[in-house]
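All values derive from a computational prediction rather than experimental measurement.
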Amino acid sequence: MVNIRMAVPEDIEFIAQSQLSMAMETEQLQLDSPTVAAGVKAVLTNADRGFYIIATLNHEPAGCLMITPEWSDWRNAWVWWIQSVFVKPDMRQAGVFGSMYSFIKEQVMQRNDVAGIRLYVDNTNQRARGVYARVGMSDQHYRTFEWMK
């Protein structure tokens with residue numbers, strides 16, 4: 001059974017390692033480990049930056065994701081962006097992401113100050129796009145553009 005909980009500082013190493021693995025797997029990008037660990041710690045020590053959840057399967061960390069809040073003046077409410085999604089390869093197709101998504105969606109449903117959930121995914125990541133479609137998310141409304149320094 002998959003269990004979901006809020007991340008705590010003791011999860012920094014698991015979350016940071018997950019992000020290093022995800023960057024390599026999805027973009028063949030080797031991130032700087034100390035920078036990533038500091039970035040994870042920055043979120044866990046400042047709730048204004050967002051929060052992480054941890055999925056466990058058989059009492060073992062199986063996956064994580066980060067929620068980053070964005071204020072929507074159109075909705076007069078927050079929109080929660082799902083970011084930094086990672087599920088350990090040997091625990092994929094066990095309902096880990098679906099459980100994390102259901103947990104976040106339930107949190108949104110209980111709060112009047114959050115209007116909805118968004119995420120972005122690389123166009124070439126067909127597997128992830130299929131997972132997101134299966135949980136009921138749609139990619140029909142927006143296309144994300146970016147500029148990064």
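Within the 4.5 Å cutoff, the side chain of Met100 has heavy atoms near those of the Val96 side chain. With a 4.5 Å cut-off on side-chain heavy atoms, Asn3 and Arg5 do not count as touching. Contact annotation: the side chain of Pro61 never approaches that of Asp11 to less than 4.5 Å [non-hydrogen atoms, C-beta and beyond]. Residues Phe103 and Met6 meet the side-chain proximity criterion, which asks for heavy atoms closer than 4.5 Å. Taking 4.5 Å as the limit, every side-chain heavy atom of Tyr101 sits out of range of all side-chain heavy atoms of Leu65.
Taking every heavy atom of both residues into account, Leu57 and Ala94 meet most closely at CD2-CB, 3.9 Å. The minimum heavy-atom distance linking Ser84 with Met22 is given by the pair CA-CE, 4.0 Å. The two residues Ala37 and Ile12 make their nearest non-hydrogen contact at O-CG2, 3.9 Å. Between Met91 and Ala62, the closest heavy-atom pair is SD-CB, 3.1 Å. Nearest heavy atoms, Val2 versus Ala55: CG1-CB, 4.1 Å. The minimum heavy-atom distance linking Trp78 with Pro69 is given by the pair CE3-CB, 3.7 Å.
A distance of 12.5 Å separates NZ in Lys41 from CG in Asn46, rounded to the nearest 0.5 Å. Between the CD atom in Gln19 and the CG atom in Leu29 there is a gap of 12.0 Å [rounded to 0.5 Å]. Atoms CD and CD1, from Glu106 and Ile4 in turn, are 13.0 Å apart once rounded to the nearest 0.5 Å. Remark: Ile53 CD1 to Ile15 CD1 distance equals 10.0 Å, nearest 0.5 Å. Here CD1 of Ile82 is found 12.0 Å from CZ of Arg118. Values are rounded to the nearest 0.5 Å. Between the OG atom of Ser102 and the CE atom of Met109 there is a distance of 12.0 Å, given to the nearest 0.5 Å.
More than 12 non-hydrogen atoms from other residues, nucleotides or ligands lie less than 6.0 angstrom from CD of Gln28. A 6.0 Å sphere centred on CD of Gln110 holds more than 12 heavy atoms belonging to other residues, nucleotides or ligands.
Under the 30°/60° scheme for interplanar angles, the aromatic rings of Tyr120 and Trp81 are found to be tilted.
Using a 4.5 Å cut-off between side-chain heavy atoms of Ile, Leu, Val, Met, Phe, Trp and Tyr, with links allowed through other members, Leu31 and Phe14 fall into the same hydrophobic cluster. Neither Ile54 nor Val85 shares a network with the other; the hydrophobic side chains, linked directly or stepwise wherever heavy atoms of I, L, V, M, F, W or Y lie under 4.5 Å apart, form separate groups for each. Leu44 and Val36 fall within a single hydrophobic cluster, where Ile, Leu, Val, Met, Phe, Trp and Tyr side chains are chained together by heavy-atom contacts under 4.5 Å. Tracing side-chain contacts under 4.5 Å through hydrophobic residues (I, L, V, M, F, W, Y), one never reaches Phe51 starting from Met66; they form parts of separate clusters. Both Leu119 and Ile67 sit in one connected hydrophobic cluster of ILVMFWY residues. Membership requires side-chain heavy atoms under 4.5 Å apart, directly or through other members.
Remark: Arg92 is positioned above the aromatic ring of Phe86, its terminal NZ or CZ atom under 6.0 angstrom from the ring centre and at most 45 degrees off the axis.
A donor-acceptor pair is defined here as one N or O able to donate and one able to accept, closer than 3.5 Å; no such pair exists between the side chain of Asn58 and the backbone of Glu60.
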Checking Asp113 against Arg111 for the salt bridge (charged side-chain N to carboxylate O under 4.0 Å, His left out) test, could you report, in this order, the C-alpha distance in whole Å, the side-chain angles of both residues, the deciding distance, and whether it holds? CA-CA 5 Å; Asp113 65 336; Arg111 295 179 56 151; 2.8 Å; yes

Decide yes or no on side chain to side chain donor-acceptor pair (under 3.5 Å) for Glu13 and Gln17, but give the supporting numbers first. CA-CA 6 Å; Glu13 184 177 336; Gln17 185 56 53; over 6 Å; no

